[in-house]
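In what follows, a single structure is set out as structure tokens and then discussed.
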Amino acid sequence: MMNNITDIFFDLDHTLWDFDKNSIQAFDKIFKKQYPTIDTVVFMEKYVPINQACWKLYQFDKMTHEELRYQRLKQSFDAINFAISDAEINQISHDYIEFLPDNNLLFDGAMEVLEYLKPKYTLHIITNGFAEVQTKKLNNSGINDYFKTVTNSEIAGVKKPHPNIFEFALSLTSVSKENALMIGDCIDADIRGAINFGIKAILFDQANSHNTNEVQKINHLLELKKIL
């Protein structure tokens with residue numbers, strides 16, 4: 001299945017870069033200084049599924065960039081019954097985006113698997129994340145040099161799972177669909193988006209939350225060493 005692969009396209013958030021753990025650190029910094037009564041763990045229990053739901057709407061153009069940043073916080077504070085003004089939410093959103101890339105926790109095995117893959121394949125990133133923030137994440141976590149190209153939705157003009165973002169990413173490196181592989185955590189954006197475009201895909205499902213036979217699945221990044 002993977003014998004003809006020359007180029008591997010990784011998603012970044014929730015695939016290599018541990019978004020949830022890094023979010024905890026960013027929010028903890030904000031809350032300890034400004035809102036000490038908020039328990040970050042309790043907040044994150046609400047924030048994680050709300051953020052995922054908002055991102056899904058954003059991926060399918062049902063929510064704007066600005067609405068995403070506001071709604072994921074507004075809904076999370078509402079869920080923990082914490083009264084807060086729109087002005088405060090906007091400031092927290094600003095601070096969160098500023099602090100988030102300062103953290104550099106990767107998923108277990110990320111560096112090892114990149115070291116393993118780098119001599120054998122040309123590696124790339126395709127992300128729906130915001131360009132400036134994603135660049136900081138790649139640099140601060142020490143993995144930027146592993147990737148030949150980085151495609152984000154702002155540059156491509158569309159978001160995964162739209163086929164044009166995959167077309168754009170391939171055009172940067174002149175690789176054919178048959179020789180490309182997508183690895184990501186989102187079954188809609190990364191996996192079905194890639195497969196519908198004609199690219200092979202592997203689902204990274206650390207939490208083992210997807211019961212599906214439609215695609216090859218891994219629960220740990222180091223499993224890629226047995227496949228590739």
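None of the values given here were measured: they were computed from a predicted structure. For this chain, numbers begin at 1 and follow the sequence in order.
- Atom NZ of Lys21 sits about 8.5 Å away from atom CD1 of Ile24, to the nearest 0.5 Å.
- Looking at heavy atoms from C-beta onward, Gln216 lies in side-chain contact with Met2 at the 4.5 angstrom threshold.
- Partner Phe9 forms a side chain to side chain contact (heavy atoms under 4.5 Å, CB included) with one of Thr122, Ile126, Asp190, Leu123 and no other, that one being Ile126.
- Here Asn219 pairs with Asp205, Asn208, Lys217, Glu223 under the side-chain contact (heavy atoms from CB on, under 4.5 Å) rule; sequence neighbours left out.
- Taking Ile, Leu, Val, Met, Phe, Trp and Tyr as hydrophobic and joining them when side-chain heavy atoms fall under 4.5 Å apart, one finds Leu203 in a cluster with Ile187, Ile191, Ile195, Val215.
- The shortest heavy-atom contact between Tyr116 and Leu224 is CE2-O, 4.4 Å.
- Judged as a salt bridge (Lys or Arg N to Asp or Glu O under 4.0 Å), and not counting sequence neighbours, Asp95 has no contacts.
- Hydrophobic clustering, with ILVMFWY side chains joined whenever heavy atoms are under 4.5 angstrom apart, groups Ile89 together with Ile97.
- When the salt bridge (Lys or Arg N to Asp or Glu O under 4.0 Å) test is applied to Lys74, the partners found at least two apart in sequence or on another chain are Asp78.
- Both Val113 and Ile218 belong to a single network of hydrophobic side chains, linked directly or stepwise wherever heavy atoms of I, L, V, M, F, W or Y lie under 4.5 Å apart.
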With a cut-off of 3.5 Å and sequence neighbours excluded, list every side-chain donor-acceptor pair involving residues 98-111.
residue: Asn103; atom: ND2; partner: Asn22; partner atom: O; Å: 3.1
residue: Asn104; atom: ND2; partner: Asn140; partner atom: O; Å: 3.4
residue: Asp108; atom: OD2; partner: His220; partner atom: NE2; Å: 2.8

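- Pairs engaging residues 73-93 under the ring pair (Phe, Tyr, Trp, His ring centres under 6.0 Å) rule: Tyr35-Phe82, Phe43-Phe77, Phe77-Phe82 [sequence neighbours left out].
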Decide yes or no on side-chain hydrogen bond (donor to acceptor under 3.5 Å, both in side chains) for Glu67 and Gln71, but give the supporting numbers first.
CA-CA 6 Å; Glu67 289 170 336; Gln71 286 295 334; over 6 Å; no
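- Between Leu114 and Phe10 the shortest side-chain heavy-atom distance falls below 4.5 Å.
- Other residues, nucleotides and ligands contribute over 12 non-hydrogen atoms within 6.0 Å of the NZ atom of Lys120.
- Hydrophobic cluster membership differs between Phe166 and Ile8, with clusters built from Ile, Leu, Val, Met, Phe, Trp and Tyr side chains linked at under 4.5 angstrom.
- Annotation: salt bridge (Lys or Arg N to Asp or Glu O under 4.0 Å) contacts involving residues 22-46, sequence neighbours excluded, comprise Asp28-Lys32.
- A distance of 10.5 Å separates CD of Glu112 from CG of Leu117, quoted to the nearest 0.5 Å.
- Legend: residues meeting salt bridge (Lys or Arg N to Asp or Glu O under 4.0 Å) with Asp7, ordered by chain and number and at least two apart, are absent.
- His162 meets the ring-ring contact (aromatic ring centres under 6.0 Å, His included) test with no other residue; sequence neighbours excluded.
- Listed for the Ser93 side chain is no donor-acceptor partner under 3.5 Å among the backbone atoms of Asn90.
- By the 4.5 Å heavy-atom criterion applied to side chains, Lys148 and Thr173 are counted as neighbours.
- Side chains of Leu73 and Ile84 form no contact here, defined as non-hydrogen atoms less than 4.5 Å apart.
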Side-chain donor-acceptor pairs under 3.5 Å in residues 52-61, sequence neighbours left out?
residue: Trp55; atom: NE1; partner: Asn51; partner atom: OD1; Å: 3.3
residue: Lys56; atom: NZ; partner: Asp188; partner atom: OD2; Å: 3.2
residue: Asp61; atom: OD1; partner: Lys159; partner atom: NZ; Å: 2.5

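- In this structure, Asp185 has no salt bridge (Lys or Arg N to Asp or Glu O under 4.0 Å) partners at least two apart in sequence or on a different chain.
- In this structure, the side chain of Tyr70 does not engage the main chain of Asp86 through any donor-acceptor pair within 3.5 Å.
- In terms of heavy-atom proximity, Ala194 sits nearest to Ala201 at CB-CB, 4.3 Å.
- Grouping the Ile, Leu, Val, Met, Phe, Trp and Tyr side chains by contacts below 4.5 angstrom, directly or via other members, places Ile50 apart from Tyr47.
- With Leu138 as reference, Ile143 is the one residue of Leu16, Ile143, Asp145 to meet the side chain to side chain contact (heavy atoms under 4.5 Å, CB included) rule.
- Between His14 and Cys186 the shortest side-chain heavy-atom distance does not fall below 4.5 Å.
- Side chain of Thr15 to main chain of Gly184: no donor-acceptor pair is present (N/O by atom type, distance under 3.5 Å, no hydrogens or angles).
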Return a table of donor-acceptor pairs under 3.5 angstrom between the side chains of residues 174-183 and protein atoms on other chains or two or more places apart.
residue: Ser176; atom: OG; partner: Glu178; partner atom: OE1; Å: 3.2
residue: Ser176; atom: OG; partner: Asn179; partner atom: OD1; Å: 2.6
residue: Lys177; atom: NZ; partner: Phe197; partner atom: O; Å: 2.9
residue: Asn179; atom: ND2; partner: Asn4; partner atom: O; Å: 2.7

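- Between Asn128 and Ile165 the shortest side-chain heavy-atom distance falls below 4.5 Å.
- A continuous path of hydrophobic side-chain contacts links Phe147 to Ile202 [ILVMFWY only; heavy atoms under 4.5 Å].
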